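In what follows, a single structure is set out as structure tokens and then discussed.
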Amino acid sequence: MLYAMCFALFMLGLYCAVVKKNMVKIVLGIVIMEYAVNLFLILLGFRTDAVAPIVDRQFLETGADGMTVTGAFLRQAVDPLPQALVLTSIVISLGTLALMISVCIRIYGKYGTFDITEIRRLKG
Amino acid sequence: MNVPLPVFVMVPLMAAFVLPLFGVKGKSAATALANAVTIALLVLAVLAAVHLADVRTADNPNPREVYEVGRHAIPLGINMVLDGLSCLLLLTISVVAAAAMTFSIRYMEQYTAKSKYLSLFLLMVAGMNGVVLSGDIFNLFVFLEIASIASYALVGFGCEHEELEACFKYMVLGTIASAFILFGIGLVYGNTGSLNMAYIARSIRSSGVNPGLAFALALFVAGFGLKAALVPFHAWLPDAHPSAPAPISAMLSGVLIKSLGVYALARVVFNVFGVWPAIAWVLIALGVASMVIGVFLAVGQWDFKRLLAYHSISQMGYVVLGIGLGALILARGGSTAWASLAILAGLFHLVNHAVFKSLLFLASGSVEMATGTRQLKKMGGLALKMPLTRTTATIASAAIAGVPPFNGFWSKLVLVIAAAQAHFYGLAAVTVLVSLVTLISFLKVQRYVFLGELPDHLKQTRDNGGSMFAASAFLAALCVLMGLLLLIPALRANVLDPAVAALTAGIDYAALAKDI
């Protein structure tokens, strides 16, 4: 269910980016798409009633090959990797967003409009 | 010599952050540093290729060098892999980057903020080197974004009406492609529990492809197809490539669409998911559509750089067609030798296209700088005024049109032979036809730019010598000599064959993840 809603959000963003005429709305559509992907990545690591993936002393046991974490911890903890991925992806989308918004401002300065149907010097 | 792989990313990345500090006064120092970096990268890439050729033996036709970042073994840590295909792309990127950077010394004097330009240029090179070396699919995405963001900024570098418009269009489509790719990566991680490409290949080999993974592959084809500007994903390319400064057009058309698009697509399809007939047909369809539609759109163009940009789409079609044909033969369980021949044609054309298309873009930049226009109808008779540019441009035009003995001829010849051997006579005919149309379109360029009558306003035109000619001459020499890569067995065995072997080995890429 959550995954389906996440996918619906992605498609909503894609629709917005493809159909809208206003440049700022296109940028917003792209941002929504990126948020949907981030949400999806977080959902991959999600578990109900889980603990944070930080190894405490109580989760360590001494086995045949030295100190290892207990199986109970592995069954309980959320997956930390998607969280690291989402952080990276947020930083990347921030960079893209900043560049897109600044290009929008420059285009507004040159053309005096945000409407992409009026920004049409390139053709062929 | 064994070159540590992170060097290829670290050196340009660090230089990119140092360069803006030079400011306006240290412009010549910044230029010298940036040139030193690209030339050093070229030397390092050659050393890495020599090392890989040393490792290669008859028993081990597909050598791989692995660098484990932080010494965490696969699949725990991030790793970088240098195999034949990565090595071929690394060499191509370094050659084109060195030539484009040399060309920029003089050409970029017309723009302000040269040190920022150099910084973005090196950032793009760092991103591309990272993409081809990465053995980890999320890392590949991060490097792809580094290269893409730098290229968005470079397309809009002139900050004029057309450039900003093209930049916005490119950026929107590029970001949508990135979102697709990231979504695909999420699906792959959810289904296999790993981000390491070798380990993913291993899980897919043992458990097969489920609907989630198939959807991820579809997202990858759309995402990387957008980055590679294959028809029907090509809409941004004819705007973006002509708007960039000429050396950047050369980099974008020459290597960016290849390393971010075709390389990533081939790696994912062949080495991670493994080939099966449906995906091979998709590749062939994309290739043929790009080839035919691209070339017919190109013939009608009157803007020099726009014409070249449409030809990029068409020539990328050849590359994808070659690779797709190889995939189809492999997927049907046909002879590996014929599959290798088709893939060889695709990859060889990829390298050739990088050389001649960047040379053509450099020539168009030289003409634009001398005459101040890109409109073919406003030019004419420049053969006498610009003999150096004319010579290099003619060599490149002959190469792209497939005139013997230039490099383009050999790759197209191999592709036609491979298509005929696989009994796709129709495809072989289409390949030859597209090549003829390309020839017509470049005869038009010759006729309107270099021959005909010299208009009055161009009487004072001067040729561009110095660094701009040096860069063009270097690429033109490669155009003439690269046929030898195919004809001399020793060169072919050490440069092209390992790259082909890396793809035909297919899902054996999983062997990298030995133990867990």
Side-chain angles (χ1 to χ4, degrees), chain A residues 3 6-7 10-11 13-14 16-18 20 23 26-27 29-46 79 81-82 84-86 88-89 91-111 114 116 118-124, chain B residues 76 137-139 141-142 144-146 148-150 152-153 155-156 159-176 178-191 193-195 212 215 219 236 238-240 242-243 297-298 300-303 306-307 309-310:
Chain A
Y3 287 104
C6 183
F7 187 66
F10 184 81
M11 294 315 282
L14 184 61
C16 179
V18 173
K20 290 292 171 189
M23 285 200 299
I26 293 177
V27 173
I30 289 174
V31 172
I32 292 173
M33 265 172 90
E34 279 167 351
Y35 284 176
V37 174
N38 290 350
L39 183 64
F40 175 66
L41 286 175
I42 279 290
L43 278 178
L44 286 176
F46 176 77
D79 186 354
L81 193 61
L85 302 189
V86 165
T88 317
S89 120
V91 173
I92 292 173
S93 46
L94 179 75
T96 325
L97 179 63
L99 188 61
M100 270 198 283
I101 290 295
S102 49
V103 169
C104 284
I105 294 171
R106 293 300 286 266
I107 291 184
Y108 190 77
K110 294 275 180 196
Y111 288 85
F114 277 129
I116 49 163
E118 287 172 31
I119 304 169
R120 284 219 165 269
R121 290 219 184 168
L122 297 166
K123 51 183 177 291
Chain B
L76 292 180
I137 200 158
F138 189 74
N139 225 16
F141 170 76
V142 172
L144 180 138
E145 281 294 272
I146 293 177
S148 304
I149 295 177
Y152 304 151
V155 165
C159 276
E160 287 304 321
H161 288 82
E162 289 86 357
E163 283 139 3
L164 288 171
E165 186 188 336
C167 173
F168 186 72
K169 201 170 177 181
Y170 177 31
M171 199 153 46
V172 167
L173 288 174
T175 320
I176 291 177
S178 303
F180 277 4
I181 295 167
L182 189 58
F183 198 9
I185 291 172
L187 280 170
V188 167
Y189 179 72
N191 280 299
S194 176
L195 289 169
F215 183 51
L219 285 171
W236 58 270
D239 292 337
S243 301
L297 287 171
Q301 296 300 322
W302 289 101
D303 179 323
R306 208 174 174 78
L307 183 143
Y310 274 113

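In this text, all values refer to a predicted model and were calculated from it rather than measured experimentally. Chain letters run A, B, ... following the sequence lines, proteins first, then strands; residues in each count from 1.
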Decide side-chain contact (heavy atoms from CB on, under 4.5 Å) for A/E34 and B/T175; before the verdict, give the C-alpha distance in whole Å, the side-chain angles of both, and the deciding distance to 0.1 Å. CA-CA 9 Å; A/E34 279 167 351; B/T175 320; 3.2 Å; yes
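Open room surrounds OH on A/Y35; 12 or fewer heavy atoms of other groups in view lie less than 6.0 Å from it.
In terms of non-hydrogen atom pairs under 4.5 Å with chain B, the most contact-rich of A/L14, A/I116, A/L81, A/V27 is A/L81. Looking only at heavy-atom pairs under 4.5 Å with chain A, the residue among B/D303, B/L187, B/L173 that has the most is B/L187. The choice from A/D79, A/L43, A/V18, A/L85 that makes the most heavy-atom pairs within less than 4.5 Å of chain B is A/L85.
Aromatic ring pairs are classed by plane angle as parallel below 30°, tilted from 30° to 60° and perpendicular above 60°; the pair A/F7 and B/F183 is tilted.
Nearest heavy-atom pair across B/Y189 and A/P82 is CE2-CG, 3.7 Å. Listed here is the closest heavy atom pair of B/I176 and A/A17: CD1-CB, 4.0 Å. When every heavy atom of B/C159 is checked against every heavy atom of A/K110, the shortest pair comes out as O-CE, 3.1 Å.
Contacts of B/F138 with chain A are made by side-chain atoms alone, with heavy-atom separations under 4.5 Å and no backbone atom involved. For a residue to count as touching a neighbouring chain, one of its non-hydrogen atoms must lie under 4.5 Å from one of that chain's; by this rule B/I146 does not touch chain A.
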Pairs under 3.5 angstrom only: tabulate donor-acceptor contacts from the side chains of residues 91-99 of chain A to other protein residues two or more places apart or in another chain.
| residue | atom | partner | partner atom | Å |
| --- | --- | --- | --- | --- |
| A/S93 | OG | A/S89 | O | 2.9 |
| A/S93 | OG | A/I90 | O | 3.1 |
| A/T96 | OG1 | A/I92 | O | 2.8 |

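With sequence neighbours excluded, the residues that form a side chain to side chain contact (heavy atoms under 4.5 Å, CB included) with A/I107 are A/M23, A/V103, A/Y111, A/I119, B/L164, B/F168.
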